[in-house]
Asker: 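My questions all concern the structure below.
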Protein chains: 2
Amino acid sequence: MKKAIDRRAARTRRALHDAMISLILRKGYEATTIQDIIDEADVGRSTFYAHYTGKEDLLRGGFERLRTDLTEARDSYSPRRRARRSEPLVFSLAMFQHADGYKDVYRALVGRRGGAVAVSEIRRVLSEFVRQELSTVERNGAIPRELALQFIVSAFLTVLTWWLERKPELAPTAVDEMFRRLVIKGIGSSTGLRVRST
Amino acid sequence: MKKAIDRRAARTRRALHDAMISLILRKGYEATTIQDIIDEADVGRSTFYAHYTGKEDLLRGGFERLRTDLTEARDSYSPRRRARRSEPLVFSLAMFQHADGYKDVYRALVGRRGGAVAVSEIRRVLSEFVRQELSTVERNGAIPRELALQFIVSAFLTVLTWWLERKPELAPTAVDEMFRRLVIKGIGSSTGLRVRST
DNA sequence: AAGATAGGGAACAGGATGTTCGGGACCAAA
DNA sequence: TTTGGTCCCGAACATCCTGTTCCCTATCTT
């Protein structure tokens, strides 16, 4: 029975993870090869495969901390600062602030340089949170629940990407305001567009 | 000077294109290798590279027809059936109907099996159309134009993907209604969610 | 019919992947 | 300190994919 993981192993894993982030920032996710990673981290080939099954697996490992951080933030925000129904989508501000703290990493992952794997992983994490919120809200039949879920997550990723790539100087709270406005009220009121009276 | 392209060449290009669609449907875009494609199409290796620079280039070629089809549809719809300002987002219904006609192809491209390349290509085509529409509408300063553009395109792709993968039996017009409602009015009125009175 | 043009296939070199096998560092027990 | 065990690590290998080169041959023109 082994409770604490070997220091050597931890060192190796951290080296691989750092090397991957560094390489993604330098040449993008798709273009980064396992060969590059083990060269940069200076570890052996089989060492890599002893820890991860491939490039994708290594990337996923980095999201564990995101999930726990986000859960903490959600739980500390939710009960006090925001009353249910009047303050929906509690995950968004926590996530924007999390991204603000790890801007380089996020930019490496969600931008054009970060691959589809990272985005789909973030999507999975976010879907969990949004799904929990949606399940407590009554819905009418116009928009199926699953579609609403996907819509919210996509909108969030869109705002996040736009923020990091175009307007990184904006404050997380300002970006969060835009996100909430778009998702809850749409673009109708801010463009003069009208929906047809069916 | 050669006006008409060689029949042999056209035959080869079509064979490669069909093979790729078939393989994407069978095992996904990322997993499909050039080796697979030329085996399936039964053409030589150098023949492939004589026509395309790689897998990505082959995929992009298939979108030329989409762009022209979509332009035609937009131009025939726009002037009569929809008056500006009261019927925004003229591209959407045409695109949904286009997707309805090529369901297999679209499903192969936008689903989980289709890669990021296809999605980003569709995004490019759509962005052109939405950008043209947005440029004719006055905006207030709450939501930057570029963000609104990305938001609309993402929402469209989300609805399109959800439709093809979850509810393919729905009519294009019904899906279009949902899309327009989400983009223009948001989810606020259909969930009971409210935005904070800032 | 015969030369010119251009598409098609075999083969090759370079590189990435994932596995195997043995050496050796770290840890616990005596 | 020694001894045995565990498991991390790296060199080397077979396999596969990629992109290019070279030559053959089908098609077109005169």
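Within every chain, numbering begins at 1; the chains are lettered A, B, ... in the order of the sequence lines, protein sequences first and strands thereafter.
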Asker: Between the base of C:dG9 and the side chain of B:S46, is one N or O donor paired with an acceptor at under 3.5 angstrom?
Answerer: yes
Asker: Taking CD1 from B:I38 and C1' from D:dC17, how many angstroms apart are they, rounded to a whole number?
Answerer: 10 Å
Asker: Rounding to an integer number of Å, can you tell me how far B:D42 CG sits from C:dG7 P?
Answerer: 18 Å
Asker: Is it the case that C:dG8 (base atoms only) and B:R45 (side chain only) share a donor and an acceptor within less than 3.5 Å, ignoring hydrogens and angles?
Answerer: no
Asker: Taking the six-membered ring of B:F48, is the NZ or CZ of B:K55 close enough (under 6.0 Å from the centre) and on axis enough (within 45°)?
Answerer: no
Asker: I need the CD1-P distance between B:I34 and C:dA16, as an integer number of Å.
Answerer: 16 Å
Asker: State whether the side chain of A:T47 and the backbone N or O of A:V43 hold a donor-acceptor pair below 3.5 Å, judged by distance alone.
Answerer: no
Asker: With a 4.0 Å cut-off on heavy atoms, is B:T33 in touch with a base, just the backbone sugar-phosphate, or nothing at all?
Answerer: sugar-phosphate
Asker: Within the pair A:H51 and D:dC8, is there a side-chain N or O less than 4.0 Å away from OP1 or OP2?
Answerer: no
Asker: Is any side-chain N or O of B:R8 under 3.5 Å from a base N or O of C:dG8, one able to act as donor and the other as acceptor?
Answerer: no
Asker: Under the salt bridge (charged side-chain N to carboxylate O under 4.0 Å, His left out) definition, can you give me all pairs with a residue in residues 150-169 of chain B, not counting sequence neighbours?
Answerer: A:E146-B:R166
Asker: Ring of A:Y52, cation from A:R60 - is the NZ or CZ under 6.0 Å from the centre and inside 45° of the axis?
Answerer: no
Asker: Hey, does the side chain of A:S154 reach the backbone of A:F151 with a donor-acceptor pair shorter than 3.5 angstrom?
Answerer: no
Asker: Quick check for you: among C:dG8, D:dA11, C:dG18, whose closest atom lies nearest to any side-chain atom of A:Y49?
Answerer: C:dG18
Asker: Specify the separation, in whole Å, of atom CZ of B:R11 and atom P of D:dT27.
Answerer: 10 Å
Asker: How close or far is atom C1' of C:dG15 from atom CG of A:D36, stated in whole angstroms?
Answerer: 11 Å
Asker: Nearest to the A:Q35 side chain among C:dG9, C:dG8, C:dA16, which nucleotide is it?
Answerer: C:dA16
Asker: Rounded to the Å, how far apart are B:D57 CG and D:dT18 P?
Answerer: 15 Å
Asker: Round to a whole Å and report the spacing from CZ of B:F48 to P of D:dT20.
Answerer: 12 Å
Asker: Looking at B:T12, does any N or O in its side chain come under 4.0 Å of the phosphate oxygens OP1/OP2 on C:dG8?
Answerer: yes
Asker: Measure from CD on B:E30 to P on D:dC17 and round the result to the nearest Å.
Answerer: 15 Å
